[in-house]
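Worth knowing before you read on, the calculation uses all heavy atoms, side chains too, and leaves out hydrogens, waters and symmetry mates. Note on naming: letters A, B, ... go to the chains in the order of the sequence lines (proteins, then strands), and numbering restarts at 1 for each one.
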Amino acid sequence: GAVVSQHPSRVICKSGTSVKIECRSLDFQATTMFWYRQFPKQSLMLMATSNEGSKATYEQGVEKDKFLINHASLTLSTLTVTSAHPEDSSFYICSVTAGGNQPQHFGDGTRLSIL
Amino acid sequence: DAKTTQPTSMDCAEGRAANLPCNHSTISGNEYVYWYRQIHSQGPQYIIHGLKNNETNEMASLIITEDRKSSTLILPHATLRDTAVYYCIVRPRGGSGTYKYIFGTGTRLKVLA
């Protein structure tokens, strides 16, 4: 069965809107979740590491004020794309891990289209 | 930067074994090799991982060379549904830290009828 639930699967909205994406760990408590972005015909690019109860760690070049991450519980992390613009249109994917050597398990992704 | 290199694309006949190579010549002794695949418009699916011994599960086999500088993912009987992009990732061994994945460009496998 699914390990990760990501919602919504698709969003289409107007420029300037803020969009929230949820990532839920279904099988275990996840102190760490990851957020990725993928543009067409490209590989996944890590945006940030979401840490339960503390601030997220952002990769170089990712604006933390633009992409707000909240990891308020051991099973839920949210990514909010604030004041979205067409260039933010992309495929956003989260992952969870039980830690140690265990693999990351990925959600089905959210396709964001900003008009 | 990703620590792995893979061929850009490969074709495989349906029913035959698909052998996907991955070079990780700078791998450290404490790094695992993980394999995932991504079917169009979906999140990556975990396949298998290993440290130095060969591994097998219901999906695939992972063969790691003795010097650990390369590995091969084997899909024993490829089907059309195995058409996907396959990613090989190296990541430090577990512990209390949170170790991130750096994805390379992967191999686009096309299974032909």
For Gly104(B) and Ser43(A), work out which heavy atoms get closest and say how close.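 The answer is O-OG, 2.5 Å.
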So which atom in Leu44(A) and which in Phe103(B) form the shortest heavy-atom distance, rounded to 0.1 Å?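 Heavy atoms of Leu44(A) and Phe103(B) come nearest at O-CB, 3.6 Å.
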Would you say that more than 12 heavy atoms from the other residues, nucleotides or ligands in this model lie under 6.0 Å from the CZ of Arg68(B), or not? yes
For Lys66(A), look at atom NZ and say whether over 12 heavy atoms of other residues, nucleotides or ligands are found less than 6.0 Å away.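 Count over threshold, so yes.
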If you count heavy-atom pairs within less than 4.5 Å of chain B, which of Gln42(A), Glu59(A), Met45(A) leads? Glu59(A)
In terms of heavy-atom pairs under 4.5 Å with chain B, which of Pro103(A), Gly107(A), Ser9(A) leads?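 Looking at each option in turn, the highest pair count goes to Pro103(A).
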Give, as side chain, backbone, both or neither, the part of Gln38(A) having an atom under 4.5 angstrom from any heavy atom of chain B. side chain
Which atoms of Ile93(A) come close to chain B, meaning under 4.5 Å heavy atom to heavy atom: side chain ones, backbone ones, both, or neither? side chain
Does one hydrophobic cluster hold both [X] and [Y], with members joined at side-chain heavy-atom distances below 4.5 Å?
X        : Y        : answer
Phe34(A) : Tyr32(B) : yes
Ile39(B) : Leu75(B) : no
Met47(A) : Val96(A) : no
Met59(B) : Ile48(B) : yes
Met10(B) : Leu62(B) : yes

Atom pair [atom1] ([X]) and [atom2] ([Y]), whose distance is rounded to the nearest 0.5 Å:
X         : Y        : atom1 : atom2 : value
Asn101(A) : Tyr34(B) : CG    : OH    : 5.0 Å
Phe91(A)  : Gln38(B) : CZ    : CD    : 6.5 Å
Thr105(B) : Lys41(A) : OG1   : NZ    : 14.5 Å

Given heavy-atom pairs under 4.5 angstrom as the criterion, report whether the side chain, backbone, both or neither of Tyr36(B) touches chain A.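 Just the side chain, heavy atoms under 4.5 Å.
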Under 4.5 Å from a heavy atom of chain A, the part of Gln45(B) involved: neither
Give a yes or no answer on whether the side chain of Tyr101(B) reaches the backbone of Leu46(A) with a donor-acceptor pair at less than 3.5 Å.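 Judged by distance alone, no pair lies under 3.5 Å.
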